[in-house]
Trainee: 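The structure's right below; bear with me while I get my questions together.
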Amino acid sequence: MLFKPDSTDDEKSTAPRKRSLISRLLGRMVSLLITLVILGGLGYLGWLALQPKQNGGGGRGAGARPDLPVPVLGATPQVQDVPVYLDGVGSVKALNTVTVRSQVDGKLLKVNFVEGQDVKKDDVLGEIDPAIYQAQYDQAVATKAKDEALLANQKIDLARYEQLAASNAGSKQQADTQRALVAQQEAIIKADQAQIDNARTTLGYTKIVAPIAGRAGLRQVDQGNIIHASDTTGLVILTQLQPIAVWFSLPQQQIMRVNAAAAKGQLAVDVFGNDGVTVIDTGKLTGIDNQVDPTTGTLKLKAELPNASYQLWPGQFVNVRLKVETLPQAIVVPTSAVQRGPAGTFSYVIGADNTVTAKPVTVTQQNEHEAVIANGLTTSDRVVTTGFANLADGSKVVVGKDDGPPAADLAPRKRSRAPDGKRGAQRDGQSKDQTKDQSKEAKQDGLGGEHRSRHEHSDSDQKGQTEPAPAPAAGAGGEASGGAPKARP
């Protein structure tokens with residue numbers, strides 16, 4: 001009898017394997033499907049992020065229309081005298097600073113100034129007790145009087161001795177001795193006079209006077225204290241603020257230029273305010289240091305300014321410019337007209353047929369507003385100052401005007417909430433008004449493509465304020481991106 005295996009046992013063993021294989025396949029398919037959904041969502045978000053750059057930027061991209069002129073602003077080079085400045089950074093210092101100290105010892109009886117007061121030269125700032133020094137002066141005067149009386153008696157004796165010696169009634173030696181005593185007494189009187197002068201000067205030191213005209217600082221000693229000539233703090237510090245000094249530095253590469261300009265005449269120095277634009281005071285260059293600071297590689301210079309309104313204060317940091325020369329009858333263009341390329345600086349020149357040509361130019365100097373052109377341009381040329389993003393050599397342009405006031409709606413207007421029933425009518429009225437204004441501008445500028453671009457952008461802005469913007473169609477992207485940008489800023 002043959003053994004026959006049981007088929008139900010084999011089916012039971014293979015069934016779990018088939019179910020596990022199917023579950024794994026289903027799991028992988030679900031994971032793959034989730035991954036595709038995530039990638040699709042990320043791609044859609046990226047596509048939405050690129051839409052404003054492609055459709056709303058107004059650039060001349062792949063879908064741009066090359067037959068439309070580029071709106072630009074132009075300017076004509078001017079001929080004028082241009083000053084040449086060297087810019088530096090400096091600090092304000094008082095023209096003179098004096099620490100007023102006592103020259104004698106004594107008790108401070110009076111303080112005759114107020115802190116922060118403007119004082120004149122020789123004003124009495126303080127008084128010291130003069131009793132001791134007055135007594136010394138009186139003593140010197142009395143000593144001189146005594147010696148003068150003694151001298152008078154000696155001169156009388158000298159006259160007698162000389163008469164006796166002349167008649168041989170007296171000794172000539174005695175007359176000579178008396179003559180020497182008179183000379184000695186005269187010398188003593190001169191010493192007495194010197195003592196008087198010294199005592200008078202010391203007595204004058206009891207009044208502390210201002211050596212210069214300036215502004216008093218904070219008082220260092222109070223009334224009633226004993227002050228000494230050896231005190232280092234002094235009574236007060238005076239600073240001269242009118243005129244005032246400014247010390248500033250320039251790079252060592254400008255030494256020859258500054259020296260050459262200073263040899264021709266006095267140089268003007270301007271000091272800027274806190275905004276870095278407004279000139280608050282103008283003075284003259286008074287000194288150039290005799291050596292370069294090796295740690296910074298700069299040269300120190302000193303200027304003197306009137307400081308009429310006390311707009312400069314000691315210790316203040318300021319921006320300074322030094323005028324070294326003036327370029328006569330130089331060609332000047334706006335700085336924005338000068339562009340930089342691989343071959344150097346150039347400018348777009350507008351031709352008679354409104355076609356731009358890139359011309360190389362040589363710039364002597366430039367600042368935030370103006371650039372001095374050495375060669376490359378003439379006063380009959382017109383250069384482009386705005387609108388370079390869509391510009392190339394040989395492009396057609398339409399030149400706008402920049403002489404009108406700025407538009408009133410430079411910023412987005414505030415949206416007001418309206419009932420749902422009035423949203424459509426309000427949106428339609430705004431769209432009609434904007435369409436009329438845009439059609440007028442299009443007729444004035446002669447740019448049909450620009451009008452279409454503005455109309456499309458206004459419609460998209462209107463929809464964006466009230467309801468979500470729908471996904472753009474595939475064919476609409478090229479037409480929106482092909483619109484020319486606005487001709488006016």
Side-chain angles (χ1 to χ4, degrees), residues 50-79 82 330-407 410-411 438 441-442 444-454 456-457 477-489:
L50 292 176
Q51 287 306 304
K53 298 182 179 180
Q54 294 177 356
N55 298 334
R60 295 170 64 90
R65 294 180 56 180
D67 58 332
L68 294 179
V70 180
V72 297
L73 295 179
T76 302
Q78 304 293 327
V79 177
V82 180
I331 297 178
V332 179
V333 298
T335 301
S336 58
V338 179
Q339 301 295 307
R340 297 187 181 275
T345 55
F346 67 94
S347 293
Y348 286 110
V349 179
I350 304 173
D353 56 349
N354 285 342
T355 302
V356 295
T357 303
K359 287 188 177 181
V361 296
T362 303
V363 180
T364 302
Q365 71 167 12
Q366 69 178 16
N367 54 24
E368 297 85 358
H369 307 289
E370 297 178 344
V372 179
I373 306 300
N375 53 62
L377 295 177
T378 62
T379 55
S380 60
D381 294 330
R382 280 196 309 169
V383 293
V384 178
T385 59
T386 304
F388 300 100
N390 304 320
L391 206 58
D393 191 8
S395 299
K396 287 282 187 179
V397 297
V398 55
V399 183
K401 295 182 179 180
D402 197 16
D403 54 357
L410 293 178
Q438 291 168 355
E441 293 179 6
Q444 293 175 359
D445 298 339
L447 298 178
E450 180 185 0
H451 167 63
R452 290 192 297 270
S453 175
R454 291 179 177 177
E456 291 168 3
H457 287 303
E479 182 179 357
S481 62
K486 295 183 180 180
R488 297 182 182 178

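Just so it is clear, the model here is predicted, and its values are computed rather than measured.
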Trainee: Looking at S336, is its backbone amide N or carbonyl O close enough to the side chain of T385 to form a donor-acceptor pair, meaning the two atoms are under 3.5 Å apart?
Mentor: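 No, the answer is negative, given that no donor and acceptor are paired below the 3.5 Å cut-off.
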Trainee: Indicate the atoms forming the closest heavy-atom contact of G376 with K359, along with that distance.
Mentor: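 G376 and K359 have their closest heavy atoms at O-CD, 4.1 Å.
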Trainee: Are V398 and N354 packed together at the side-chain level, in the sense that at least one heavy-atom pair is separated by less than 4.5 angstrom?
Mentor: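 They are not in contact (no side-chain heavy atoms under 4.5 Å apart), so the answer is no.
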Trainee: Over all heavy atoms of both residues, which pair between S395 and A392 is shortest? Give the atoms and the distance, please.
Mentor: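 Distance-wise, the nearest heavy atoms are OG-O, 2.9 Å.
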Trainee: How close do F346 and A358 get, counting heavy atoms only, and between which atoms?
Mentor: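 Nearest pair, atom of F346 first, then A358: CD1-CB, 4.0 Å.
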Trainee: Between T357 and D393, what is the shortest heavy-atom contact and its length?
Mentor: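 Closest approach of T357 to D393: CA-OD1, 3.3 Å.
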Trainee: Heavy atoms only: give me the nearest V79-I331 pair and the separation to one decimal.
Mentor: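 Where V79 meets I331 most closely, the heavy atoms are CG2-CG1, 4.4 Å.
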Trainee: Atom OG in S347, atom CZ in R382: separation rounded to 0.5 Å?
Mentor: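 S347 atom OG to R382 atom CZ measures 14.5 Å (nearest 0.5 Å).
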Trainee: Looking only at heavy atoms, which two atoms of V82 and Q365 are closest? And how far apart?
Mentor: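 Residues V82 and Q365, closest heavy atoms: CG1-NE2, 3.4 Å.
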Trainee: Can you tell if the side chain of V384 reaches within under 4.5 Å of the side chain of V397, non-hydrogen atoms only?
Mentor: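 No, every pair of side-chain atoms sits at 4.5 Å or beyond.
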Trainee: Taking R340's backbone N and O only, do any of them form a donor-acceptor pair with T345's side chain (distance below 3.5 Å, no angle check)?
Mentor: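 A pair under 3.5 Å: no.
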Trainee: If you round to the nearest 0.5 Å, how far is CG of D381 from OG1 of T76?
Mentor: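 Here the rounded value is 9.0 Å.
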Trainee: With the side chain counted from C-beta on, respond yes when V363 and I373 share a heavy-atom pair under 4.5 Å apart, and no when they do not.
Mentor: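 Yes, close enough: below the 4.5 Å cut-off.
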Trainee: Any chance you could measure N375, atom CG, to T364, atom OG1, to the nearest 0.5 Å?
Mentor: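 Going from CG on N375 over to OG1 on T364, the span is 8.0 Å.
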Trainee: Within a strict 4.5 Å, meaning less than it, do heavy atoms of the V399 and V72 side chains meet?
Mentor: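 The answer is yes; the side chains approach within 4.5 Å.
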